[in-house]
Amino acid sequence: MSTESADPAAIDDERAPFRYTSALGNEIEQRWQDWWEEHGTFHTPNPVGDLADPTHPNADGEKLFVLDMFPYPSGEGLHVGHPLGYTGTDVYCRYQRMAGRNVLYTMGYDAFGLPAEQYAVETGQHPAITTEAAVATYRRQLRRLGMSYDPRRSIETIDPAYYRWTQWIFGRIHDSWYDPEATRHDGGSGSARPIAELIAEFESGERETFDGRSWSSLNKAERADIVDGYRLAYVADAPVNWCPGLGTVVANEEVTADGRSDRGNFPVFKRNMRQWMMRITAYADRLLEDLDRLDWTDSLKTMQRNWIGRSPGARIDFESPAGDITVFTTRPDTLFGATFLVLAPEHPLVPDLTTSQMAAQVVQYRRDVAGFAEAERTAGDRQKTGVFTGSYATNPATGKDIPIWVADYVLMGYGTGAIMAVPCGDERDFEFATVYGLDIPAIQEPPDEWFERQGIDPTLDTRRWRTAFVGDAPYVNSANHDISLDGLTSVDDGIRIVNEWLENNGFGEATVNYKLRDWLFSRQRYWGEPFPIVWDRDGIAHLLPDEMLPLTLPDTDSFAPRTFDPDDEESNPESPLDRLTDWVNVTLDLGDGRGPQPYRRETNVMPQWAGSCWYELRYLDPTNTERFVDPEVERYWMGPLTDVRPDHPGGVDLYVGGVEHAVLHLLYSRFWHKVLYDLGHVSSAEPYSRLFNQGDVQAPAFKDEREIWVPARDVVEEADGSYTYTAPDGSVKPVTKQWGRMGKSKKNGIAPETFYEEYDADTLRLHLMASGPLDAARPWETRDVVGMFRFLQRVWRNVLDETTGECRVVDVEPDAETQRVMHRTIDGVRADMEALRFNTAIAKLIEFNNHITKLDATPREAAEALVLLLSPIAPHVGEELWRKLGHDGTIAYARLPEADPALLVDDTVEYPVQVNGKVRTRITVAADADRDAVEAAALADQRLVQLLDGVTPTKVIVVPGKMINVVV
RNA sequence: GGGCGAGUGGCGGAAUGGCAGACGCGCUGGCUUCAGGUGCCAGUGAGGGCAACCUCGUGGGGGUUCAAGUCCCCCCUCGCCCA
């Protein structure tokens, strides 16, 4: 830089030294952020305990608990997409504080888990160090955005003082069982109960073991096995998702549709392994039913319903040479049409059923399909494949022998892994039967319209059908010596009759199948909560007593997991904690009367989701060392609001986050909360009564020729509109542009810091809130931001003199028009803020400010209303102008202005006058004119008389306050 | 394939069935300035007209209504979720 051009800022300084500039904005912001911290401005009082404060200005206000989905801090720091939801909640909280409510609002950090561990492995640093650094960055960045969090309530899931209670809750889940017969304390049926009550029932003989053996005849291990079969957290050999590339097993929810891990995109293999599970399936019905009590979007509820996947149907046993084959079907009424069985290739009975003639083919088939993902296997457009086992089963309804096939369109993970195939009533079975020439008897007589749509004449000869028929239609060929469905027309009736017959004859029973599986809860990783579990020499698991918590994660340099060739299905997981033999092998007195005993610690750790299952509860009472949350504090913040709705479940008043957590976090968290509720630890039946999904911020992202994302900040647009990327080695290559959600994976994040050079945090907040409704995705365009900066400058100029810095408001009554604009603004902005419509609230504030700009001087009343209403969105400017207007302290608890209803209506109303629906003229009449007077005034209008040209209107419609339509 | 949601200026978006395009960006012109930038003022859906005004216009097609971006039916495109 040379002297040839003057510093542009210097010119402004001369002429307007007190103009609102980026430099001034940044100075004000950091000053107020320090002030808030020093004064504990956003400390929120609890009703009792350490955090109680009856002197707080809003201590007696109505409570409001607002929650953000807390972030998983990555080494990259925040990008400008993150604060979209966070700013929305902050604006809402600041607004509600000014409306007098006692607002609980804070932020925590979800810091255990795979990405942190992977980052640590890559950089060779301990995850505790990299994670703490990332958390510190997030804290600094969020503070810089002016978030009004109560800093005392922040938590980190990796803090032993926090995960002590994660382990404690695990213990409560481990030490309970689900009794579907129990009457819950709220009167509902089905409840978690302490496992001790179950053991007592076995001991007293009140409850029998499954196989009828007497409790007293069993040894310890046998008893433990039986009890474990009831626990809500249990160890089981179960088909799990083994991911050699990650070196760990992962949950169903973490596997993508094409059978890969959502982290790292490695192949995932189904394998039976001994793992910790959570019996979330016990809660399937309650998780489903209670969705009706939640104020969530329908799309989110639908996603949860689909994931739970409740299908009523029946279990039916088919006799076979290898014993009974149990199938699950949603259409037991079609049993008469079942002409073959199909087993999943992994079904355990397949080897026993395969005859020696078919053995080679079956073995080959099972090998062939092993590599296919579930999604590929069930894809609708794929040619069905399968192989005959050589064996036959008996259809209990028809008594006929039907062939048993193996085919990969049947999945081991759904139902029983075996189906009865009804080719005339199921499209997949129809297709399969057609390919292999199997019998397709008709059991329903489809209506004529169905045949018409198929383009064929009505017939029961299914060889001429093009597809299966599904729906209500009269049954045919559906009778045996006991029952007959023939002639019935309702599927519901058919199902009921067959189910009764199955039960009466011992062939099966009505049952409900769920897509939801139990939650795989252990991971063979280092960076997670250790299980508070030790194993004794008999292989029995023992829960550590509460006073041994927290069980801290042992420090080690060898935290890297053992990973494998991603395709090495035969590899076996190894936990990093296994290597720490000094930690693993311990002698402990568990206080169970057995004295010190040698144990082996559980070496799996909990999955990333554990810490987020209950964090909102810890925010309530973060300093409590006696309990995870004080019951009175929990009831105050999260108790059911039965005055709002009799079936209100309680929980967080507003939860804001991305839709990507629709089935993972939100399902797990609800499950934990319900267990705590059943056991009487919380008063709320649901954790989040209202949930709002904020949209994404989209940004340009760039891919090179290999379809790999390249950092967007190193891409430039060429003169011809194409894009090129300059790699760190200096090479330049062409790339293609796409829009995508801002984030690490697409390498298109824009850091908020880049923003403070030209603008400031209040401008960013305004821009994020103004650029669209909170739930809409929006593209990021940095050049659009200047509009909100200009707006702040104009507000500033309306309150302060740019040359002197002095307040320039005048103490005179605003004129009548200004009063009306002001009160309409107050009314409109308040309504918009209540409804989270910040974009339209900002538009109204801009209009009001533009009105003030046109006045010769700014009336104090108008300036104060403007600053108060603006301050939730632009809090730093709000505070600064509030001071300049002569007020002490903070604006955070100043009361919002009230709209005077009398000033919301005008004296006169301008009516558009339509002729046949098209606006042709306008008239102005008194606001209190009645319908007839308005009509008369319209018909007397010169222009209308001219337009009508003597024609008498057939009808005149007057919509009071809105418009007039003259029909001719 | 199924479910849900969305299609409005050059762009982001606004509109209890009642004046389509609020507000912002961009663009055009003007003022300030030696100049650039900032700032300020005005204009800005398309087409026609000297003008007052007129015609068209919310993905496409139909319908309900005095009146449809909004409600109903069919179709197209995009997004998300589940297969």
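Side chains are part of it too, since the values below use all heavy atoms of this structure and drop only hydrogens, waters and symmetry mates. Every chain is numbered from 1, with letters handed out A, B, ... down the list of sequences.
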Task: P atoms of B:rC25 and B:rA6, separation to the nearest Å - done: 28 Å
TODO: Name all residues meeting the ring-ring contact (aromatic ring centres under 6.0 Å, His included) criterion together with A:Phe469; count only those two or more places apart in sequence or in a different chain, and write none if there are none.
DONE: A:Trp450
- [ ] Could you please name the option among B:rC23, B:rA14, B:rU16 that lies closest to any side-chain atom of A:Lys962?
- [x] B:rU16
TODO: Taking syn as within 90° of 0 and anti otherwise, name the glycosidic form of B:rG9.
DONE: syn
Open item on the list: Can you confirm whether A:Asn26 sits close enough to A:Leu24 that some side-chain heavy atom of one is under 4.5 Å from a side-chain heavy atom of the other?
Closed with: no
Task: A:Asp760-A:Thr763 side chain donor-acceptor pair, cut-off 3.5 Å - done: yes
- [ ] Rounded to whole angstrom, note down the C1' distance from B:rU77 over to B:rA68.
- [x] 22 Å
Open item on the list: If you define the side chain from C-beta out and look only at heavy atoms, does anything of A:Gln304 sit under 4.5 Å from A:Leu666?
Closed with: yes
Open item on the list: Applying a 4.0 Å non-hydrogen cut-off, can you work out what A:Ile957 is touching in the nucleic acid: base, sugar-phosphate, or nothing?
Closed with: base
TODO: Kindly confirm or rule out a cation-pi arrangement of A:Arg670 over A:Trp307, judged by NZ or CZ under 6.0 Å from the six-membered ring centre and within 45° of its axis?
DONE: no
Open item on the list: Can you pull out every ring pair (Phe, Tyr, Trp, His ring centres under 6.0 Å) where at least one residue sits in residues 764-787 of chain A? Sequence neighbours excluded, please.
Closed with: A:His767-A:Trp780
Task: Donor + acceptor pair across side chains of A:Asp832, A:Thr840 (<3.5 Å) - done: yes
TODO: Assess the pair A:Tyr655 and A:Phe692: is the distance between their ring centroids shorter than 6.0 Å?
DONE: no
Task: Residue whose closest nucleotide on RNA chain B lies nearer the 5' end, A:Met788 versus A:Lys515 - done: A:Met788
Open item on the list: I'd like to know if A:Glu817 pairs up with A:Arg820 as an ion pair, taking the criterion as any Lys NZ or Arg NE/NH1/NH2 lying under 4.0 Å from an Asp or Glu carboxylate oxygen.
Closed with: yes
Task: Closest to the A:Glu847 side chain, choosing from B:rG39, B:rA22, B:rG3 - done: B:rA22
- [ ] Tell me which of A:Gly787 and A:Lys854 sits closer to the 5' end of RNA chain B, going by the nucleotide each one is nearest to.
- [x] A:Gly787
Open item on the list: Just the rounded figure in Å: distance from C1' of B:rC81 to CG of A:Asn693.
Closed with: 12 Å
Task: Value in whole Å for how far the C1' atom of B:rG24 lies from CZ of A:Phe789 - done: 16 Å
Task: For atom CZ of A:Arg922 and atom C1' of B:rA52, their distance in whole Å - done: 15 Å
Task: Distance, rounded to the nearest Å, where A:Asn798 contributes CG and B:rG39 contributes P - done: 15 Å
Open item on the list: What contact category does A:Met303 fall into here, base, sugar-phosphate, or nothing, at under 4.0 angstrom with non-hydrogen atoms?
Closed with: sugar-phosphate
- [ ] Report the distance from atom CE of A:Met769 to atom P of B:rC23, rounded to the nearest whole Å.
- [x] 21 Å
- [ ] Confirm from the modelled atom types if A:Asn965 and B:rC66 form a donor-acceptor pair under 3.5 Å, side chain to base only.
- [x] yes
Task: Whole-Å C1' distance, B:rA20 and B:rG57 - done: 9 Å
- [ ] Give the rounded distance in Å between these two atoms: NE2 of A:His767 and C1' of B:rG26.
- [x] 14 Å
Open item on the list: Please report the distance, rounded to the nearest Å, between CG in A:Asp696 and P in B:rC78.
Closed with: 19 Å
Between the protein and nucleotides 5-12 of chain B, which nitrogen or oxygen pairs are less than 3.5 angstrom apart?
| from | atom 1 | to | atom 2 | distance (Å) |
| --- | --- | --- | --- | --- |
| B:rG12 | O2' | A:Ser771 | O | 2.7 |

TODO: Mind checking salt bridge (charged side-chain N to carboxylate O under 4.0 Å, His left out) for A:Asp762 and listing every partner two or more places apart, or none if nothing turns up?
DONE: none
Task: B:rG18 and B:rG24, which share atom name C1', separated by this distance in whole Å - done: 27 Å
Open item on the list: Identify the stems formed by RNA chain B, where each pair is Watson-Crick or G-U wobble with both distances under 3.5 angstrom and a stem is at least 3 consecutive pairs.
Closed with: B:1-7 with B:76-82, B:10-12 with B:23-25, B:26-31 with B:39-44, B:45-48 with B:53-56, B:59-63 with B:71-75
- [ ] With C1' as the reference atom in both, quote the distance from B:rC19 to B:rU58 in angstrom, rounded to an integer.
- [x] 15 Å
- [ ] Report which part of the nucleic acid A:Val919 touches: base, sugar-phosphate, or nothing (heavy-atom distance under 4.0 Å, all strands).
- [x] sugar-phosphate
Task: N/O (side chain, A:Asn839) to phosphate O (OP1/OP2, B:rA14) under 4.0 Å - done: yes
TODO: Respond yes when some side-chain nitrogen or oxygen of A:Arg790 is under 4.0 Å from OP1 or OP2 of B:rC25, and no when none is.
DONE: yes
Open item on the list: Quick check on B:rC40: is either OP1 or OP2 less than 4.0 Å from any side-chain nitrogen or oxygen of A:Arg797?
Closed with: yes
Open item on the list: Using the P atom as the point on both nucleotides, what is the distance between B:rU33 and B:rU44, in whole Å?
Closed with: 28 Å
- [ ] Kindly say if A:Gln793 contacts the phosphate of B:rG39, meaning a side-chain N or O under 4.0 Å from OP1 or OP2.
- [x] yes
Task: Rounded distance in Å between the P positions of B:rC11 and B:rC66 - done: 36 Å
Open item on the list: What is the distance, to the nearest angstrom, from the CG atom on A:Leu774 to the C1' atom on B:rG13?
Closed with: 14 Å
TODO: Can you sort out the partners of A:Arg765 under side-chain hydrogen bond (donor to acceptor under 3.5 Å, both in side chains), two or more places apart, ordered by chain and number?
DONE: A:Asp90
TODO: Supply the atom-to-atom distance A:Arg797 CZ to A:Thr858 OG1, rounded to the nearest 0.5 angstrom.
DONE: 11.0 Å
- [ ] Between B:rU65 and B:rU28, how far apart are the C1' atoms? Round to whole Å, please.
- [x] 42 Å
Open item on the list: Does a side-chain N or O of A:Arg920 approach OP1 or OP2 of B:rC54 to a distance below 4.0 Å, or not?
Closed with: yes
Open item on the list: Counting only side-chain nitrogens and oxygens, does A:Arg794 get under 4.0 Å of the OP1 or OP2 atom of B:rC40?
Closed with: yes
